[in-house]
Asks: 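Structure incoming, see below.
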Amino acid sequence: MLDVKFVLANLEVVRKALEDKKAANEHTDLAKLPLLEEQRKKAIQEAEKLKAEKNKLSKEIGVRMGRSKSLAREPEKLLAVNAEIADLQKQSKALNDRIQALETDQGRIEAERDEMLAWVPNIPHASTPPGTSSADNVIMRTEGRKPQFDFAPKAHFELGSKLGILDTDRGAKISGSGWYFLRGDGARLERALIAWFLDVHRARNGYEELLPPFFVTEKTLYGSGQFPKFQEQMYYAEMDKLYAIPTAEVPVTGYHRDEILDEKDLPKKYVAYSACFRREAGAAGADTRGILRVHQFNKVEMLKLTTPQSSYAEHEAMLENAEHLLKELGLHYRVVLLCRADLGFSAAKCYDLEVYAPAADKWLEVSSVSNFEDYQARRTNLRYRPADGGKPQFVHTLNGSGLALPRMVVALWECNQQKDGSILIPPPLRKYMDGQERIAAK
RNA sequence: GGAGAGGUGGCAGAGCGGUCGAAUGCGGCGCCUUGCUAAGGCGUUGUACGGGGCAUAACCUCGUACCGAGGGUUCGAAUCCCUCCCUCUCCGCCA
């Protein structure tokens, strides 16, 4: 979330962001905020004044209680002290009701304010283009060569079923539509991709590997900005009140929650594999053939915690880390800078990587590389202490897919298919498959 | 799932109704002693919110809150009571 003070000082900027991101709703009436803040401060001031008074009285009582104990032999003085005590107690008690009323007020005001802030999205970075839909995204550049075929390339679901490496029918039989089996070399290729991605990010790019829990609490979801907006997209285990993660970003963002890191330990760079679970409610129909949109998929996610000064440089570096994989695999892809309307709720800036799939003649989104600035860190209360010893600051958080598997698999199968229906395995993956160079029908 | 023990400042660890935001040790920071190393002496040491100083900075100062979380008892709670969460030990179950 945003800093209240920032919102109050920049109401127009925030209003613009609500509009750009089409995030305005009944919770986001910013006009109320200055008044709420004023009422809040007033309640705090009054309550604290009364509490100071009460604390003083209690101390006085303590002193007299001590004296009273030593006066057992002097009944007259004892009586006088006890009378004083009774009087002070009465005064102190009288304060309690007023204090409680003020605190109740304050709690109510803060709850209303926080509800509002929870629905306010992050402000787009100055370098993000304006726009009203994904049609206004800017294609920064296109890399690699478009694959050429002297035959009609087959779609991934056709290749997959002919080669016996993808089984959507049995996936649907045991779990319903949107679930699938990978089989044989298909399953092995998936595993090879995961292992290779992790190895590149660890050894080449310097990320530390994490293997996170796949189920998390509601509080954790709130920290990465999935709540309250995307609640209905998540699988929920009611008996344990746990949610299946939609991305490893969620547990890894929560990893350092409520901590104060040292600046010298920044940037922290983590890479995590996880299965990702999405209900995809309301998405039935479009792009559902095969495994383009499924309920469970594998993904390798990069995450960084940085200082505000270096976050945009780290953002570019992270983009390069994801691109490197696509280059090594020899894929045709493009880098897209999202316009403000297409930018996620919590993000300030985001690049998408889209890879070309020849059969459908479509660009498939395989990565999203975002800078959240301090938006997630504020929710998750994750700060760092500056090297000069100043007050703790919120870190900047970034994350990016590196990469999302099913769509990568679709592109790889389709781009590397041969006339005889087999699929060539790209060189970087062969060592993870016992040197195998090709997936052919059994 | 059952039984027991416990959750205190960066860490370790006292306190178990009244000047306790919290002893002590370690660590960190500053100054001093010291030929290097080792060691020693003195001082300092959290976070958030609000007021004032002030430029809505740094910083200083005052107040309030924070001893796992949330409630309760009391004039007053780290200390007593309740609920929840987590950790550890033993038993059971299990990949």
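Each chain gets a letter, A, B and so on, in the order the sequences are listed, and its residues count up from 1. Every value quoted in this text rests on a predicted model; they were computed, and no experiment measured them.
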Asks: If B:A57 has a Watson-Crick or G-U wobble mate with both distances under 3.5 Å, name it; if not, just say none.
Replies: none
Asks: A:Leu261 has an atom CG; how far is it from atom P of B:G10, in whole Å?
Replies: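 For the pair A:Leu261 CG and B:G10 P, the rounded distance is 13 Å.
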Asks: More 5' along RNA chain B: A:Asn96 or A:Lys5, using each one's nearest nucleotide?
Replies: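 Upstream on the strand: A:Lys5.
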Asks: My understanding is that a pair needs two contacts under 3.5 Å, Watson-Crick or G-U wobble. By that rule, which nucleotide pairs with B:A95?
Replies: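 Here B:A95 is not engaged in any pair, so there is no nucleotide opposite it.
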Asks: Report the base-pairing partner of B:C88 (Watson-Crick or G-U wobble, both distances below 3.5 angstrom), or none.
Replies: B:G4
Asks: Can you tell me which nucleotide in B:A48, B:C75, B:G50 comes closest to the side chain of A:Ile44?
Replies: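 Output: B:G50.
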Asks: Where the side chain of A:Ala52 is defined as all heavy atoms beyond and including C-beta, which of B:G50, B:U64, B:U47 is the nearest nucleotide?
Replies: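 The answer is B:U64.
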Asks: Whole Å only: how far is the CD atom of A:Gln89 from the C1' atom of B:G18?
Replies: 12 Å
Asks: Going by an N to O cut-off under 4.0 Å, is there a salt bridge joining A:Lys16 and A:Glu19?
Replies: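 Salt bridge between A:Lys16 and A:Glu19, a charged N being under 4.0 Å from a carboxylate O: no.
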Asks: Does B:G51 have OP1 or OP2 under 4.0 Å away from a side-chain N or O of A:Gln45?
Replies: yes
Asks: Could you tell me how far apart A:Lys391 (NZ) and B:A48 (P) are, to the nearest whole angstrom?
Replies: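 So the two atoms are 6 Å apart, to the nearest Å.
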Asks: With a 4.0 Å cut-off on heavy atoms, is A:Lys41 in touch with a base, just the backbone sugar-phosphate, or nothing at all?
Replies: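 If one applies the 4.0 Å heavy-atom cut-off, A:Lys41 turns out to touch the sugar-phosphate alone, with no base involved.
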Asks: Find the distance A:Asp262:CG to B:U45:P and express it as a whole number of Å.
Replies: 19 Å
Asks: Got a sec, which residues hit salt bridge (Lys or Arg N to Asp or Glu O under 4.0 Å) with A:Glu103, two or more places apart in sequence or on another chain?
Replies: A:Lys51
Asks: According to a strict under-4.0 Å criterion, is A:Asn381 in side-chain N/O contact with OP1 or OP2 of B:U47?
Replies: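 It does not, given that no N or O in the side chain of A:Asn381 lies less than 4.0 Å from OP1 or OP2 of B:U47.
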Asks: Base, sugar-phosphate or nothing for A:Arg383? Non-hydrogen atoms, less than 4.0 Å.
Replies: sugar-phosphate
Asks: The side chain of A:Lys51 lies closest to which of these nucleotides: B:G76, B:A65, B:A48?
Replies: B:A65
Asks: Figure out the CD1/P separation between A:Ile99 and B:G50, and round it to whole Å.
Replies: 19 Å
Asks: Give A:Lys54 one of three labels, base, sugar-phosphate or nothing, depending on what nucleic acid heavy atoms sit under 4.0 Å from its own.
Replies: sugar-phosphate
Asks: Should A:His396 and A:Tyr312 be marked as a ring pair (Phe, Tyr, Trp, His ring centres under 6.0 Å) after you check the CA-CA gap, both sets of side-chain angles, and the distance that decides it?
Replies: CA-CA 9 Å; A:His396 278 198; A:Tyr312 279 93; 7.2 Å; no
Asks: Atom CG of A:Leu50 to atom C1' of B:G50: distance rounded to whole Å?
Replies: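 Taking atom C1' of B:G50 as the reference, CG of A:Leu50 is at 14 Å.
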Asks: Please determine, for B:U64, whether a Watson-Crick or G-U wobble partner exists with both distances under 3.5 Å, and give it or none.
Replies: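 WC or wobble partner is B:A48.
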Asks: For B:U47 and A:Arg385 - does any side-chain N or O of the residue sit under 4.0 Å from the phosphate oxygens OP1/OP2?
Replies: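 Yes, within the criterion.
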Asks: Within less than 4.0 Å of OP1 or OP2 of B:G76, is there a side-chain N or O belonging to A:Asn55?
Replies: no
Asks: Name the closest nucleotide to the A:Arg40 side chain, picking from B:G76, B:U64, B:G50.
Replies: B:G50
Asks: How many whole angstroms separate atom CG of A:Asp258 from atom P of B:C85?
Replies: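 It works out to 19 Å between those atoms.
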Asks: For residues 241-261 of chain A, which side-chain donor-acceptor pairs fall under 3.5 Å, sequence neighbours excluded?
Replies:
unit_1	atom_1	unit_2	atom_2	d
A:Tyr243	OH	A:Gln231	NE2	3.4
A:Thr247	OG1	A:Glu249	N	3.0
A:Thr247	OG1	A:Lys299	NZ	2.8
A:Glu249	OE2	A:Gln376	NE2	2.9
A:Thr253	OG1	A:Glu249	O	2.6
A:His256	ND1	A:Glu259	OE1	2.9
A:His256	NE2	A:Tyr270	OH	2.7
A:Arg257	NH1	A:Thr220	OG1	3.2
A:Asp258	OD1	A:Asn381	ND2	3.2

Asks: Heavy atoms under 4.0 Å, any strand shown: does A:Ser92 hit a base, just sugar-phosphate, or nothing?
Replies: sugar-phosphate
